[in-house]
Q: 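Please read through the structure below; I'll follow up with questions.
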Amino acid sequence: MRNGREKGSLLGAIRLLRVTGWVILLALASYLALAGYSAVTLTPNGTGSAEYALLPDGTVTILTTLNLTNPGLFAFTKLSVTSQIMLPNGTGAWLESTSPSITLPAQGVAQVPLRFSLTLSSLGLGKALLTQDEVLNESDYLNGTYATFVGFVLHAGEHLDWGAPFHDFQASAGTPVPEGNGTYGVPVKLSFGNDASFGVEGTVHASLESAGGAVCADANFPINDPPHSTTQESVTLYVPTGCSLAGGMLASRFMAPGFVVPLPPQALP
Amino acid sequence: MSFGPDPPGAALPSVGRRVTLGLFRVFPLLILLVGIPAAILGYLAGAGVQAGTSVYTVSVGGLALTALSTARYIMRPTAAFGPVGLLRAGAAFAYLWFLRPTASVLVPAGAHVTLALDYSTVVEALFVIPLLLFVTAVLVTIQDHRNLAARLRVDFPARLR
């Protein structure tokens with residue numbers, strides 16, 4: 001009798017395993033079909049418009065949002081967004097922003113805020129952006145888990161329009177004119193356009209320097225440029241006759257209470 | 001293939017009947033294991049989705065599993081049923097093992113948007129199927145070694161007249 005029960009339990013176990021296998025197979029197949037269908041209907045909506053601001057410490061912030069719509073039947077979990085703004089010459093990532101993890105529910109929408117910060121006084125490889133307008137490539141990478149089991153990476157490429165705060169900056173020194181009082185006057189002109197979406201307020205300091213780096217003469221130009229405005233300034237600097245400008249340069253920098261930004265120098269003949 | 005008279009309480013189908021029915025089972029199996037996966041891959045390709053798995057892979061895997069399932073069906077009234085089941089479990093395991101590294105799709109979702117899905121975790125979850133098949137085949141082999149007639153009475157019960 002005991003032997004018979006053992007044999008019966010073995011046959012019962014075989015039957016139970018067969019049924020269990022079919023149930024699991026059907027459940028997984030249904031899940032795969034639904035998840036695959038939902039994945040095909042997914043419609044990311046790209047990024048919203050970017051907002052720029054210049055903070056008092058010289059930091060420019062770029063705020064943008066990544067819009068996502070999930071018409072599918074499964075939620076996105078552990079969703080984090082890493083965005084990179086690429087250098088204009090395409091040599092690599094310049095700025096990077098990573099969002100906290102969020103959940104995008106099934107048949108829901110989500111806006112992922114992205115914030116980039118850059119310090120004007122230390123732009124590094126992006127220094128050209130002080131004086132050049134650019135269309136910057138932005139790459140957004142979404143990492144997360146879809147439908148509990150499916151890992152995913154969503155890559156969205158967008159463009160950011162960057163307006164340079166000192167667009168086409170020109171500093172030029174004219175021909176020296178002897179003044180007869182132990183100095184000679186040098187006419188200096190500055191011109192640039194503020195193509196940025198933020199205002200620029202401070203002082204442009206220009207200095208005529210000898211080949212050895214000694215400052216022969218300098219001047220300050222107060223600047224209060226609203227967005228999308230142009231600036232043209234001219235002044236005559238008086239240089240002592242003993243201070244030779246041969247091989248020197250006209251150096252310029254923008255100064256605000258919290259920061260200093262070097263501007264492109266011009267070599268003197 | 002016949003093993004003498006039917007054991008008491010069991011009515012075994014003839015070899016010819018098993019072969020005929022086994023061949024009929026081939027068609028739904030081919031649809032399930034080859035046709036549907038190939039159609040899904042074709043649908044994804046038509047939607048612009050790049051799948052990591054090829055139609056060739058699912059065709060070869062599906063054909064192998066279909067052949068082994070048919071052989072197992074034909075061998076069901078015999079002691080070879082368990083060992084053939086072990087072979088089928090091994091083939092299913094190998095099939096999933098080959099599928100796992102290619103379990104990804106690339107979905108273009110806009111002009112500058114792509115979505116890469118990695119469902120290798122789902123394939124790993126599917127490994128429970130060959131595991132169950134393997135355990136079942138081991139139990140069947142043990143059962144048949146101990147008492148084949150007992151299983152045959154359950155799988156092929158004689159009809160009462």
Side-chain angles (χ1 to χ4, degrees), chain A residues 3-4 6-29 31-33 35-47 66-69 76 137-159, chain B residues 32 36-37 40-41 43-44 46-49 51 81-82 85 89 92 103-155:
Chain A
N3 194 32
E6 283 179 358
K7 287 172 188 169
S9 64
L10 197 57
L11 289 169
I14 291 168
R15 174 166 290 186
L16 182 64
L17 283 171
R18 283 177 184 162
V19 173
T20 304
W22 276 110
V23 169
I24 291 175
L25 184 62
L26 288 174
L28 284 174
Y31 165 82
L32 269 180
Y37 176 75
S38 295
V40 173
T41 61
L42 185 69
T43 54
N45 292 335
T47 56
L66 185 63
N67 303 314
L68 294 170
T69 303
F76 291 86
N137 290 320
E138 178 187 341
S139 289
D140 304 313
Y141 297 91
L142 283 83
N143 296 280
T145 303
Y146 175 62
T148 307
F149 292 111
V150 181
F152 73 91
V153 177
L154 181 127
H155 174 228
E158 298 291 334
H159 296 299
Chain B
L32 187 69
I36 291 177
I40 290 173
L41 290 174
Y43 169 74
L44 292 177
V49 177
F81 182 58
S104 62
V105 291
L106 194 63
V107 185
H112 301 285
V113 181
T114 55
L115 174 66
L117 292 172
D118 176 4
Y119 57 94
S120 57
T121 307
V122 177
V123 175
E124 287 167 5
L126 282 170
F127 275 110
V128 73
I129 300 298
L131 178 67
L132 287 171
L133 292 177
F134 177 80
V135 174
T136 304
V138 168
L139 291 181
V140 167
T141 304
I142 294 171
Q143 170 66 39
D144 290 353
H145 179 71
R146 287 179 178 173
N147 190 348
L148 174 61
R151 180 175 67 80
L152 295 181
R153 278 193 290 274
V154 173
D155 286 351

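Naming convention: chains lettered A, B, ... in sequence-line order (proteins, then strands); numbering from 1 in each chain.
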Q: How long is the straight-line distance from OH of Tyr31(A) back to CG of Leu126(B), given to the nearest 0.5 Å?
A: 10.5 Å

Q: Should the heavy atoms of other residues, nucleotides or ligands under 6.0 Å from CZ of Arg15(A) be counted, would the total exceed 12?
A: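 Count not over threshold, so no.
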
Q: What part of Ile129(B) gets within 4.5 angstrom of chain A, counting heavy atoms only: side chain, backbone, both, or neither?
A: side chain

Q: Applying the side-chain contact (heavy atoms from CB on, under 4.5 Å) criterion to Leu11(A), which one of Val154(B), Leu139(B), Asp155(B) satisfies it?
A: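 When Val154(B), Leu139(B), Asp155(B) are each tested with Leu11(A), the side-chain contact (heavy atoms from CB on, under 4.5 Å) holds only for Val154(B).
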
Q: Measure the CZ-CG distance between Phe152(A) and Asp118(B) for me, rounded to the nearest 0.5 Å.
A: 11.5 Å

Q: Where do Thr121(B) and Phe149(A) come nearest, in terms of heavy atoms and distance?
A: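 Looking at all heavy atoms of both residues, the shortest contact is CB-O, 3.3 Å.
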
Q: Give me the atom names and distance for the closest heavy-atom approach of Ile14(A) to Thr136(B).
A: CG2-CG2, 3.9 Å

Q: With a 4.5 angstrom heavy-atom cut-off, could you sort out which part of Ser139(A) is near chain B: side chain, backbone, both or neither?
A: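 Contact with chain B involves no heavy atom of Ser139(A) at all.
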
Q: For the CG atom of Leu32(B) and the CG atom of Leu25(A), what is their distance to the nearest 0.5 Å?
A: 7.0 Å

Q: Just wondering, more than 12 heavy atoms not from Phe134(B) lying within 6.0 Å of its CZ?
A: no

Q: What do the steps show when you test Arg146(B) against Leu10(A) for side chain to side chain contact (heavy atoms under 4.5 Å, CB included), and what is the final call?
A: CA-CA 11 Å; Arg146(B) 287 179 178 173; Leu10(A) 197 57; 4.0 Å; yes

Q: How long is the span from the CG atom in Leu132(B) to the CH2 atom in Trp22(A), to the nearest 0.5 Å?
A: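 Result: 12.5 Å between the selected atoms.
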
